[in-house]
Amino acid sequence: MDLFKIISDIEKVDPEVYDRFDTRRRVFKHISGMGKAVTAATLPGLLGTMFNKAYGQTGSLPSGIVQTLNLALQLEYLEYHYYNTGLQTSGLIPNADVPGITIIRDDELGHINALRAVLGSQAFSPNDPTRAAFDYTAGGKLPDPFANSATFYGTGQAFVDTGVRAYKGGAPSLMGNKAILTAALNIHSVEARHSSHLRLLRRGGVTATADINNLSAKPKSWISGIDNGGPVPAVTTPVYDKGSDANHPAESNVIQANIDVQNTSTAPAGLTITAAAASEAFDEPLDANAVKDIARNFRSAVGVTAGLFS
């Protein structure tokens, strides 16, 4: 769940959101202390209670809050149906990989339940987006990700890499609330581990070697430079390559805090830092608009009619 983005977007329609939650820091501390297990069972009830108390909910949330949470809910359906379809496709996922993909799928369902607990009757309508609302070939720009495990893991990697950058992009707006920031960082790190796991599977396991000239097919466990454009460059260029603006640069960026990390003038004698190594040492943020642009690629005609990611 993109908790960074949710709270950041809520702040735009309710500048007092932090004041509302500050009196309930204990709730966020409980969430952050529970770790990953909270996504499956405990988080739905906790979030529902938190929002009900914060807004004195008597049957409806403010319209701006509803729009923000419903967008997050739609993104969760996008991921849930992707992994669920993969698990239901016979012979697609190797038996040894099924448990891990099942956990990721179930995490997405937990996120859906959490958001629906908050929204109640105001959840995205008229009905839950079904599998038919999504086109995972991005309108024919991509090969069918359910044709073989390589394309399935490749598209999955693009989803999680986008999510990791989205969390990072929302972090600055949470700096004023330590409790919320801590909870969101806990979720962010799990998303990053999901990315690393999928990259491991795509590379061929712990003993396999990444191909520097073809990182889009045999990646490292972390982003290196622009990762040769990523596994599906037709729709994910903003993730690995150009970024979106000066505050959200490409992953090949080597300037951190206005310092060129490749500058070896102060480094020990003989130490050199390659551009690839400099980029690998830092991940970059991605803004919400770029994330939405990517998500819209995966709407089917049914999804467009339903107003997904509008």
Side-chain angles (χ1 to χ4, degrees), residues 2 4 97 100 104 138 141-143 145 149-172 185 188-287 290-291 293-294 297:
D2 194 343
F4 276 142
D97 299 346
I104 295 176
K141 296 176 184 177
L142 307 178
S149 60
T151 55
F152 177 72
Y153 291 147
T155 304
Q157 177 193 312
F159 283 147
V160 289
D161 283 350
T162 301
V164 170
R165 289 197 68 178
Y167 271 95
K168 197 176 297 294
L185 284 173
H188 172 253
S189 61
V190 172
E191 290 294 328
R193 292 189 179 103
H194 284 174
S195 174
S196 183
H197 180 66
L198 285 173
R199 286 167 170 272
L200 175 70
L201 294 178
R202 293 187 66 229
R203 190 169 65 247
V206 294
T207 61
T209 302
D211 185 347
I212 301 300
N213 297 315
N214 193 18
L215 291 172
S216 59
K218 298 192 70 174
K220 297 182 179 181
S221 290
W222 48 84
I223 296 176
S224 179
I226 63 170
D227 257 22
N228 298 144
V232 284
V235 297
T236 57
T237 296
V239 182
Y240 304 97
D241 192 358
K242 66 179 181 180
S244 55
D245 56 42
N247 294 320
H248 306 89
E251 286 286 5
S252 56
N253 178 47
V254 297
I255 306 299
Q256 302 292 334
N258 297 319
I259 296 174
D260 184 348
V261 296
Q262 279 193 273
N263 189 334
T264 59
S265 61
T266 59
L271 178 63
T272 60
I273 303 174
T274 65
S279 71
E280 291 169 13
F282 301 91
D283 280 332
E284 302 297 340
L286 191 65
D287 69 284
V291 174
D293 286 343
I294 293 172
N297 282 294

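Taking OG1 from Thr236 and CG from Asp161, the interatomic distance works out to 8.5 Å, rounded to the nearest 0.5 Å. For the atom pair CG of Asn214 and CD1 of Ile212, the computed distance is 10.5 Å after rounding to the nearest 0.5 Å. Atom CG of residue Asn213 and atom CG of residue Asn228 lie 7.5 Å apart, to the nearest 0.5 angstrom. For the atom pair CG of Asp293 and OG1 of Thr237, the computed distance is 12.0 Å after rounding to the nearest 0.5 Å. The distance from the OG atom of Ser195 to the CD1 atom of Ile223 is 6.0 Å, given to the nearest 0.5 Å. Interatomic distance, Ser279 OG to Gln256 CD, rounded to the nearest 0.5 Å: 10.0 Å.
With sequence neighbours excluded, the residues satisfying side chain to side chain contact (heavy atoms under 4.5 Å, CB included) with Ala276 are Ser224, Thr274, Glu280.
Glu284 contributes no side-chain N or O that, together with a main-chain N or O of Glu251, makes up a donor-acceptor pair within less than 3.5 Å. Without hydrogens or angle criteria, Ser252 side chain to Gly225 main chain gives no donor-acceptor distance under 3.5 Å. No donor-acceptor distance shorter than 3.5 angstrom exists from the side chain of Asp227 to the backbone of Leu215, with no hydrogens or angles considered. In terms of modelled atom types and a separation under 3.5 Å, the side chain of Arg202 and the main chain of Lys218 share no donor-acceptor contact.
Contact detail for Gln157 and Tyr240: the closest heavy-atom pair is NE2-OH, 3.5 Å. Residues Val254 and Ala278 come closest through the heavy atom pair CG1-CB, 3.7 Å. In this structure, Leu286 and Pro238 approach most closely via the heavy-atom pair CD1-O, 3.5 Å. Closest approach of Pro145 and Thr151 over heavy atoms only: O-OG1, 3.2 Å. Closest heavy-atom contact between Val206 and Leu200: N-CD1, 3.6 Å. Listed here is the closest heavy atom pair of Ile226 and Asp241: CG2-CA, 3.8 Å.
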For this session: Any chance you could lay out the side chain to side chain contact (heavy atoms under 4.5 Å, CB included) test for Leu198 and His194, step after step, and finish with the verdict?
Result: CA-CA 6 Å; Leu198 285 173; His194 284 174; 5.6 Å; no
For this session: Would you please test Asp211 and Thr209 for side-chain hydrogen bond (donor to acceptor under 3.5 Å, both in side chains) and show each step?
Result: CA-CA 6 Å; Asp211 185 347; Thr209 302; over 6 Å; no
